[in-house]
**Q** 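So that we are looking at the same thing, I have put the structure below in structure tokens.
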Protein chains: 2
Amino acid sequence: MPRPKSFDEAQVLEGAVALFRERGFEGTSMPDLTRKLGICRQSLYNTFGDKKGLYLKALENYGNKEAQSKLALLQGPGSPLENLRTLIRGFASYATTCPAEGCLTVTALVNSREDADALAAVSQHVQSLENGIECALTRAKKQGQINAHTDAASLARYITTSLYGIGLLVRLPDSSARIAATVSHLMESLQRIEIQPAA
Amino acid sequence: MPRPKSFDEAQVLEGAVALFRERGFEGTSMPDLTRKLGICRQSLYNTFGDKKGLYLKALENYGNKEAQSKLALLQGPGSPLENLRTLIRGFASYATTCPAEGCLTVTALVNSREDADALAAVSQHVQSLENGIECALTRAKKQGQINAHTDAASLARYITTSLYGIGLLVRLPDSSARIAATVSHLMESLQRIEIQPAA
DNA sequence: GCCGTTAAAGAATGATCGTTCTATATTGAT
DNA sequence: ATCAATATAGAACGATCATTCTTTAACGGC
């Protein structure tokens with residue numbers, strides 16, 4: 001039987017994600033990849049087809065990981081509303097602590113105008129976040145935690161848009177006040193629909 | 001005296017903006033530019049130095065134009081609050097009608113991680129929009145049109161972030177519902193601080 | 001030990017990139 | 001008419017790109 005692969009595919013994908021995050025698709029060259037990943041050209045081509053194949057795999061890998069962790073947080077123990085608040089806070093603190101690298105989904109969205117595959121992957125990622133938020137809001141509604149008239153879908157769309165606004169503007173050098181203000185107003189939006197338990 | 005330039009620099013910049021919007025900085029080649037702009041290589045180099053110089057000029061041109069039209073709208077006749085509403089609606093309708101090309105500021109922001117000059121231009125553009133919104137809110141406050149306790153700076157930061165969230169997510173193929181929801185909630189935020197005139 | 005598969009290293013391909021150089025033509029003021 | 005500066009056209013540069021090919025070595029089941 002064949003000689004076993006001497007590299008871990010998942011580990012290679014992680015390295016590729018890191019590079020694509022730093023420099024984007026066009027800004028990352030195959031020599032860059034082989035150098036960083038410690039793998040020779042041919043192995044890359046044998047495993048992923050070509051550069052775009054590797055990129056799509058990396059995108060998928062990143063998106064799934066991010067989506068999973070966020071959905072897990074939203075569906076975790078604790079009240080759905082509080083989980084949503086934690087998600088929003090986490091988004092902001094993550095955004096402010098490591099402004100150097102940006103969200104790969106944002107980068108890919110901007111640079112995939114002519115790449116239907118990449119755009120589809122990004123779209124799915126955004127949708128899954130939005131759906132997760134909507135589900136959390138619906139659960140909160142069923143539990144009587146928020147106003148019964150709340151349009152969960154509409155609110156989820158709005159929160160998603162604002163979160164991605166943060167994910168975009170975090171790339172500016174002076175974004176911390178802007179991010180804090182956005183989080184604060186998002187929190188206010190949630191508080192306004194919350195049904196305060198009788199104290 | 002020298003032979004006069006046979007091309008209009010402003011017109012060339014407009015064409016460059018269009019190309020950079022479509023394909024980004026790295027995706028636009030010098031042959032692309034000369035073809036589209038109807039100008040020979042050498043003239044480009046003589047006028048703008050190099051490709052990056054042309055890019056920065058185009059970025060500046062685009063940003064100034066956008067900022068001017070938006071600030072003019074905000075400072076125009078009519079109540080500041082209504083002007084702000086018009087701005088937000090215009091942002092959304094513009095976003096939904098021509099989803100093919102995206103905001104150049106968004107593209108440049110994502111792709112300028114290693115380009116301090118471009119980043120500075122983008123930052124200034126975002127700041128000017130944010131400042132314009134803050135000024136409009138402050139004027140609305142002085143005119144007694146909105147709640148006196150409103151934190152104009154914070155609200156302006158939040159609106160700016162959400163607007164750029166729209167400018168980013170408009171690149172997704174199915175973004176119209178998301179944009180509509182975001183606009184709707186932004187409007188709600190404004191209505192909540194508005195002091196209703198006695199009917 | 002053999003064989004099929006893979007890894008590794010490096011050369012080579014063809015294309016495209018940004019930029020520069022050369023040569024020639026065109027214009028406007030003097 | 002002359003001159004300075006620009007326009008245009010095209011060749012050429014060196015660099016880099018993604019990809020393929022070639023060769024040699026390493027491994028595992030038979």
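Letters A, B, ... are given to chains in the order of the sequence lines, protein chains preceding strands, and every chain is numbered from 1.
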**Q** Looking at S29(B), I'd like to know whether one of its side-chain N or O atoms comes within less than 4.0 Å of OP1 or OP2 on dT16(C).
**A** no

**Q** On DNA chain D, compare the nucleotides closest to M30(A) and G38(B); which residue's is nearer the 5' end?
**A**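 Closer to the 5' end of DNA chain D: G38(B).
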
**Q** Round to a whole Å and report the spacing from CD of E26(A) to P of dT16(D).
**A** 17 Å

**Q** Show, in sequence, the C-alpha distance, side-chain angles and deciding distance for I179(B) and T161(A), and conclude whether the side chain to side chain contact (heavy atoms under 4.5 Å, CB included) test is met.
**A** CA-CA 8 Å; I179(B) 291 171; T161(A) 303; over 6 Å; no

**Q** Name the closest nucleotide to the R41(A) side chain, picking from dC21(C), dA11(C), dT19(C).
**A**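 Within the option list, the nearest is dA11(C).
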
**Q** What nucleic acid atoms does T34(B) come within less than 4.0 Å of, heavy atoms only: base, sugar-phosphate, or nothing?
**A** nothing

**Q** Are any of the side-chain nitrogens in R113(B) or E22(A) under 4.0 Å away from the carboxylate oxygens of its partner?
**A**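 No.
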
**Q** How many Å lie between CG on D50(A) and P on dC17(D), as a whole number?
**A**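 After rounding, the reported distance stands at 17 Å.
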
**Q** Under a plain distance cut-off of 3.5 Å, with no hydrogens placed, do N147(A) and E194(A) share a side-chain donor-acceptor pair?
**A** no

**Q** Over how many whole Å does the gap from N46(A) atom CG to dT20(D) atom C1' extend?
**A**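 It is 11 Å, rounded to the nearest whole Å.
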
**Q** What's the OH-P distance between Y45(A) and dC17(D), to the nearest Å?
**A** 11 Å

**Q** So, S29(A) versus D32(A): side-chain donor-acceptor pair below 3.5 Å or not?
**A** yes

**Q** How close or far is atom P of dA7(C) from atom CG of L44(A), stated in whole angstroms?
**A** 10 Å

**Q** Would you mind telling me which residue lines up with the more 5' stretch of DNA chain C, T28(B) or I39(A), judged by nearest nucleotide?
**A**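 Result of the comparison: I39(A).
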
**Q** Using atom types as modelled and distance alone, determine if a side-chain donor or acceptor of K51(A) lies under 3.5 Å from a backbone N or O of F25(A).
**A** yes

**Q** Among the candidates dA7(D), dA7(C), dA18(D), find the nucleotide nearest to the side-chain atoms of C40(A).
**A** dA7(C)

**Q** To the nearest Å, how far apart are L33(B) CG and dT19(C) C1'?
**A** 14 Å

**Q** When you check the phosphate oxygens OP1 and OP2 of dT6(C), does a side-chain N or O of S43(A) lie under 4.0 Å from one of them?
**A**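 No, no such contact exists.
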
**Q** How close or far is atom P of dG10(C) from atom CZ of R35(A), stated in whole angstroms?
**A**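 Rounded to whole Å, this separation is 13 Å.
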
**Q** Just how far, in rounded Å, is P of dA12(C) from CD of Q42(A)?
**A** 16 Å

